[in-house]
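Below: the structure, in structure tokens.
Values below: all heavy atoms of this structure, side chains included; hydrogens, waters and symmetry mates excluded. Note that ligands are numbered from 1 as they come in the structure, with each ligand's atoms numbered from 1 the same way. Keep in mind it's a predicted model, so treat the numbers as computed, not measured.
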Amino acid sequence: MINLTIDNQKVAVEAGTTILEAARKVGVKIPTLCYLKDLNVIGACRICMVEVQGARTFIPSCVAPVAEGMVVRTNTPAVIAARKLVLELILSDHPMECLTCLRNQNCELQDLAKEFGITEVRFDGAKTEYPIDDSSPSIIRDPRKCVLCRRCMSVCTNVQTVQALCAENRGFDTLIAPAFNEKLANMECVNCGQCSLVCPTGAIVERDDTAKVWAALADPKKHVVVQTAPATRVQLGEAVGAEPGSIFTGQMVAGLRRLGFDKVFDTDFTADLTILEEGNELLQRVTTGGTLPMITSCSPGWIKFCEHFYPDLLAHLSTCKSPQQMFGALAKTYYAKKAGIDPADIYCVSIMPCTAKKYECRRPEMNSSGYQDVDVVLTSRELGRMFIQAGLDTTNLPEEEYDEPLGISTGAGEIFGASGGVMEAALRTVYEVVTGQTLENIDFEVCRGLTGVKEATVQVGDLSVKVAITNGLGNARKVLDKIRAGEADYHFIEVMCCPGGCIGGGGSPIPTNTEIRLKRIDATYTEDERMVLRKSHENPAVTALYEEFLEKPLGHKSHELLHTHYTP
Ligand code: HC0
């Protein structure tokens with residue numbers, strides 16, 4: 001252990017610990033703007049500098065390791081004055097648009113300015129003038145608000161291995177952007193929005209589509225239906241101020257009704273449906289010698305990643321559309337017919353923890369109802385803002401139930417939101433369908449948790465089903481490279497684009513970090529346990545859908561509405 005003193009307190013920490021982490025252990029919070037544990041440790045912003053006895057200059061504490069006998073002072077007048085100066089210099093090149101910024105009151109730069117009591121900026125020089133990039137259907141990039149912390153680059157390069165962003169130029173002209181300042185829409189960006197989740201300011205934000213939804217809700221000619229993704233129920237509470245890990249299902253449904261949605265439905269319903277279609281597709285591939293391993297296809301950032309980087313593996317993707325898109329196709333066909341409503345009058349809104357879903361709904365494949373199946377996607381953050389704009393005290397609303405029939409679901413649909421959930425839901429159903437026996441223990445613990453690549457072999461009748469589960473695209477890459485090399489003998493692989501699965505999607509409430517991801521995952525499995533039905537094939541509304549409309553899994557109608565294929 002290394003012994004040192006921080007602000008007169010004795011501290012003993014492991015060798016290699018940074019001064020910043022050592023300080024946190026004794027309750028000393030050193031302010032930072034660029035630091036993010038395990039993700040961005042480059043000492044770029046210099047806000048975290050401290051005084052170290054004997055050192056000639058201030059030391060950036062996020063990158064400096066502790067040393068035996070070190071004496072650190074984190075809050076001397078000189079340190080505070082230096083931090084303030086750095087902050088003022090950053091602010092001198094920042095557009096003072098806080099009141100109109102999407103990150104107003106959820107901005108780390110704003111928080112720091114408040115914390116340091118900055119009431120004016122002494123410097124008035126040149127300003128960064130790079131134009132806003134609004135080419136992406138998912139995210140908007142405003143370099144004027146960028147503090148050059150490089151968190152976005154780090155998550156895009158090191159976690160997602162996409163490398164859509166890099167640092168151009170030097171000094172004052174530094175720009176964090178796609179290479180050659182190309183538009184994001186023309187790049188390999190997969191729209192995952194992880195950059196927007198780690199950006200400390202409003203330099204990268206989700207595309208705000210709330211105005212479209214307000215307009216639809218106010219249009220008497222439109223029948224506005226909404227679906228909520230599995231992960232949203234463990235996120236929306238946070239978006240309106242509740243603690244991470246709060247289960248907000250009933251309040252979210254009640255809030256959506258008060259906003260004026262004509263029907264409040266659930267993506268969990270089509271998650272259950274996906275299991276029936278995808279489970280049968282897997283069995284068909286296994287028995288007929290189809291392409292294996294089969295890989296899940298419900299995460300649109302992952303689909304785009306595969307198209308860009310592994311086009312040779314597209315045949316491995318399940319042909320199933322995502323539950324979001326299955327829902328849209330059914331809302332404008334099955335539901336329209338059942339409710340006697342002209343599909344042209346149906347406006348279909350999705351609430352997703354995901355920025356890539358905004359892109360997915362616009363893909364040319366996604367209009368099999370004869371219309372754009374899903375009209376608009378809002379992230380959890382956007383719906384939180386709508387609740388607040390409407391003056392709804394959602395945390396105190398009495399809980400309400402989803403509408404039938406597209407709001408009926410099982411615990412299996414619920415767990416789609418956590419990494420490993422799609423696989424666990426599939427195993428619950430495939431086991432019972434193949435063996436005809438009741439599965440005694442339906443909790444596949446081996447599928448759960450934040451481990452980047454999980455593997456398991458599950459005995460299903462005579463077949464040992466070998467599966468893998470990955471979350472975060474860097475982990476997907478490891479498994480995909482094995483497939484390419486002919487070293488992967490899996491039958492079925494779940495790939496989720498974002499770390500932790502959808503509960504950590506790019507449209508999630510900010511902050512989202514490992515601790516918060518774990519809380520949302522816990523809440524997800526608690527919800528699953530609370531459900532009366534926990535296996536997709538037991539969903540009575542899905543059974544009725546097949547009897548009344550689809551006829552059978554992988555049938556003609558399913559093929560038309562629920563399946564697709566992707567091309568490089
Ligand atoms: Fe997901 Fe989904 S589980 S991708 O993460 O499959 O966004 O929550 O809605 O479509 O159901 C996101 C979450 C979904 C879809 C579902 C899948």
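Around atom 1 (Fe) of ligand 1, protein N, O or S atoms at a distance under 2.8 Å total 1; waters are neither shown nor counted.
Within the structure, salt bridge (Lys or Arg N to Asp or Glu O under 4.0 Å) contacts touching residues 466-479 (residues at least two apart or in different chains) are K466-D489.
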One pair to check against ring-ring contact (aromatic ring centres under 6.0 Å, His included): F269 and Y402. What are the steps and the verdict? CA-CA 11 Å; F269 165 77; Y402 285 98; over 10 Å; no

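Cation-pi check for K557 over F549 is met; the charged atom lies under 6.0 angstrom from the ring centroid and within 45 degrees of its normal. For the pair R428 and F444, the cation-pi test (distance below 6.0 Å, angle within 45°) is failed.
With sequence neighbours left out, the salt bridge (charged side-chain N to carboxylate O under 4.0 Å, His left out) criterion links D38 to no other residue. The salt bridge (charged side-chain N to carboxylate O under 4.0 Å, His left out) search around R141 returns D133, not counting sequence neighbours.
Proximity to A271 (heavy-atom distance under 4.0 Å) selects the following atoms of ligand 1: 11 (O).
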